[in-house]
Amino acid sequence: MNYIPTLQECADKHRNEGIGAVINDGKAVRFERDGGMTRAEIVEKLLSEASLVMGEGCEVKHCMANKDNSVKYPAFSIRELGSEVSINIDISDWMKGVAAGKQTAKAAAKGISGIYDAHKKKAIVFSNVIKGLSKEKILENVVCLLLNEEWNKEMLECVPHERLMDLAVVYRAVVNIDRRYVTFIVNHSMRQMFGIQEQELKRYARWNTELKGFNSFSVSSLYSETERPSMWAFTNSNGRYGAAAMLFPILFERLSRNLASSLYIFPYSVHELIAVSTKGLKPKDLRKMARLINKKIVNEEEALSDNVYMYDITKKQIKIVQ
């Protein structure tokens, strides 16, 4: 497969040849004509229709936006004239719908406009919540979130974090002000704005995370009541970003004692960890399983690591299995 430098160059050079481009690992790649139009032509058509629907008061631009783990997606960046705030709308599903002939570009543009309106309302709520924030409010509600360090290098430059093996611990706040909930990762500018020290942020986040609690359950029991449990899942009380259990080795101590062995741990996602006894298992097999899960099952932006970890029953510590 031949790589082409940018999406725009691909569109300009091959518009009449039935060749478009998609972004793969930051590079544009060739592909055949889809549904009578190239993808570049679909983007151009959607952009034109979206600009008409949004009206002269809005600026609509095509861009490649980022999710967690540096996952890129095609988006329209929409900004009201006179405003410094732009909102990115993922257009990948609408592109597919137009390419497959399931909807017109005009109908897709109306859908994009509806999503923009919903995001705009959330942005207004977020802005109002930020105005009502205080140092105390942030510290009362901040918790730990684990991300892959290598996959999130760019984002980590902007936020306070600490290293945990191949992972990074960042700090996420879930704030309720006047019955309105907003969640955000605390960045450097916000920390400085409210006069929060990094060690202070870390201390409160760990304490709040531990206080909210974690759950563990037999994965095998989900499939058969008679099957002997062999795999255990660890997550937090709400099932969101529960891989933070990795910060508290004591959580694995009881299971380790019951099984009379150390434990292999592999991340199912940023939300959940899977633990198994080290007896009779090879780390390389679990590593293959972890990579398969990340590739086939988990959303790319929710993957945590391809590595396998071990809770050492003797040292009562968690480390990467080499």
Side-chain angles (χ1 to χ4, degrees), residues 66-70 84-85 87 119-216 234-253 267 269-273 301-302 304-305 309 316-318:
N66 292 318
K67 296 181 181 180
D68 287 345
N69 292 340
S70 300
E84 295 181 358
V85 179
I87 296 174
H119 280 39
K120 181 181 175 182
K121 290 178 181 178
K122 290 181 181 179
I124 293 172
V125 170
F126 181 78
S127 177
N128 291 335
V129 168
I130 292 296
K131 291 176 183 177
L133 276 180
S134 64
K135 174 180 178 178
E136 292 73 22
K137 198 74 176 178
I138 293 174
L139 293 178
E140 286 173 5
N141 295 279
V142 69
V143 293
C144 295
L145 185 158
L146 291 188
L147 298 173
N148 186 285
E149 184 180 40
E150 179 66 26
W151 301 342
N152 292 278
K153 277 185 175 181
E154 185 176 342
M155 186 269 280
L156 291 174
E157 293 178 359
C158 305
V159 301
H161 64 279
E162 57 182 303
R163 190 175 187 183
L164 181 72
M165 296 172 286
D166 65 326
L167 308 175
V169 185
V170 298
Y171 309 108
R172 173 177 171 263
V174 183
V175 180
N176 175 14
I177 296 181
D178 297 330
R179 298 182 181 179
R180 293 177 173 178
Y181 284 92
V182 171
T183 178
F184 54 88
I185 292 177
V186 179
N187 58 29
H188 287 307
S189 61
M190 182 175 290
R191 180 186 64 77
Q192 293 167 359
M193 181 190 305
F194 290 99
I196 303 172
Q197 300 299 315
E198 285 202 36
Q199 286 302 313
E200 186 179 26
L201 185 66
K202 172 184 174 180
R203 185 171 68 254
Y204 273 87
R206 286 198 175 229
W207 188 80
N208 291 336
T209 303
E210 187 173 14
L211 186 64
K212 289 179 181 295
F214 292 88
N215 301 318
S216 64
F234 286 77
T235 188
N236 55 12
S237 56
N238 63 11
R240 298 287 296 171
Y241 303 107
M246 191 89 77
L247 289 166
F248 308 100
I250 194 171
L251 294 171
F252 302 91
E253 184 178 355
S269 69
V270 294
H271 305 300
E272 194 172 75
L273 303 172
E301 65 270 22
E302 295 186 335
L304 182 58
S305 177
Y309 308 83
K316 298 183 180 180
Q317 296 176 346
I318 297 175

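Looking at heavy atoms from C-beta onward, Tyr171 lies in side-chain contact with Glu162 at the 4.5 angstrom threshold. No side-chain heavy atom of Asp166 sits under 4.5 Å from any side-chain heavy atom of Glu149. Between Asn208 and Val142 the shortest side-chain heavy-atom distance falls below 4.5 Å. You'll find the side chain of Val174 reaches within 4.5 Å of the side chain of Arg172, heavy atoms only. Counting heavy atoms from C-beta outward, Glu198 and His188 have side chains that approach closer than 4.5 Å.
Within a 6.0 Å sphere centred on CD of Glu154, heavy atoms belonging to other residues, nucleotides or ligands number 12 at most. Residue Ile250 qualifies as open at atom CD1: its count of foreign heavy atoms under 6.0 Å is 12 or below.
Interatomic distance, Met193 CE to Asn187 CG, rounded to the nearest 0.5 Å: 8.0 Å. One distance of note links CZ of Arg206 with CG of Leu201; it measures 11.5 Å at 0.5 Å rounding. In this structure, Glu200 CD and Arg191 CZ are separated by 10.0 Å, a value rounded to the nearest 0.5 Å. Rounding to the nearest 0.5 Å places CG of Leu146 at 6.0 Å from CG of Leu304. The structure places NZ of Lys135 at 7.0 Å from CD of Gln197, a figure rounded to the nearest 0.5 Å. The structure places CG of Asn141 at 8.5 Å from CZ of Phe184, a figure rounded to the nearest 0.5 Å.
Residues Leu273 and Pro267 share a closest heavy-atom pair of CD2-CA, 3.8 Å. Closest heavy-atom contact between Leu133 and Lys137: CD2-CG, 4.2 Å. When all heavy atoms are compared, the tightest approach of Asn215 to Ser237 is ND2-CA, 3.6 Å. Heavy-atom minimum distance, Pro249 versus Ile318: CA-CD1, 4.0 Å.
With hydrogens and angles disregarded, no donor-acceptor distance shorter than 3.5 Å links the side chain of Asn148 to the backbone of Leu167. Here the side chain of Thr235 pairs a donor or acceptor atom with the backbone of His271 at under 3.5 angstrom. The backbone N or O of Val159 lies less than 3.5 Å from a partner atom in the side chain of His161, making a donor-acceptor pair. In terms of modelled atom types and a separation under 3.5 Å, the side chain of Arg163 and the main chain of Met165 share a donor-acceptor contact.
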Determine, step by step, whether Val270 and Leu145 satisfy the side-chain contact (heavy atoms from CB on, under 4.5 Å) criterion, reporting the C-alpha distance in whole Å, the side-chain angles of both residues, the deciding distance to 0.1 Å, and the verdict.
CA-CA 8 Å; Val270 294; Leu145 185 158; 5.7 Å; no
Intermediate values then yes/no, side-chain contact (heavy atoms from CB on, under 4.5 Å), Asn236 and Lys212:
CA-CA 8 Å; Asn236 55 12; Lys212 289 179 181 295; over 6 Å; no
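Shown here are the salt bridge (charged side-chain N to carboxylate O under 4.0 Å, His left out) partners of Glu150, two or more places apart in sequence or in another chain: Lys153. In this structure Tyr309 satisfies the ring-ring contact (aromatic ring centres under 6.0 Å, His included) test with no other residue, sequence neighbours excluded.
Partner of Phe214 under the ring pair (Phe, Tyr, Trp, His ring centres under 6.0 Å) criterion, chosen from Phe234, Phe248, Tyr241: Phe248.
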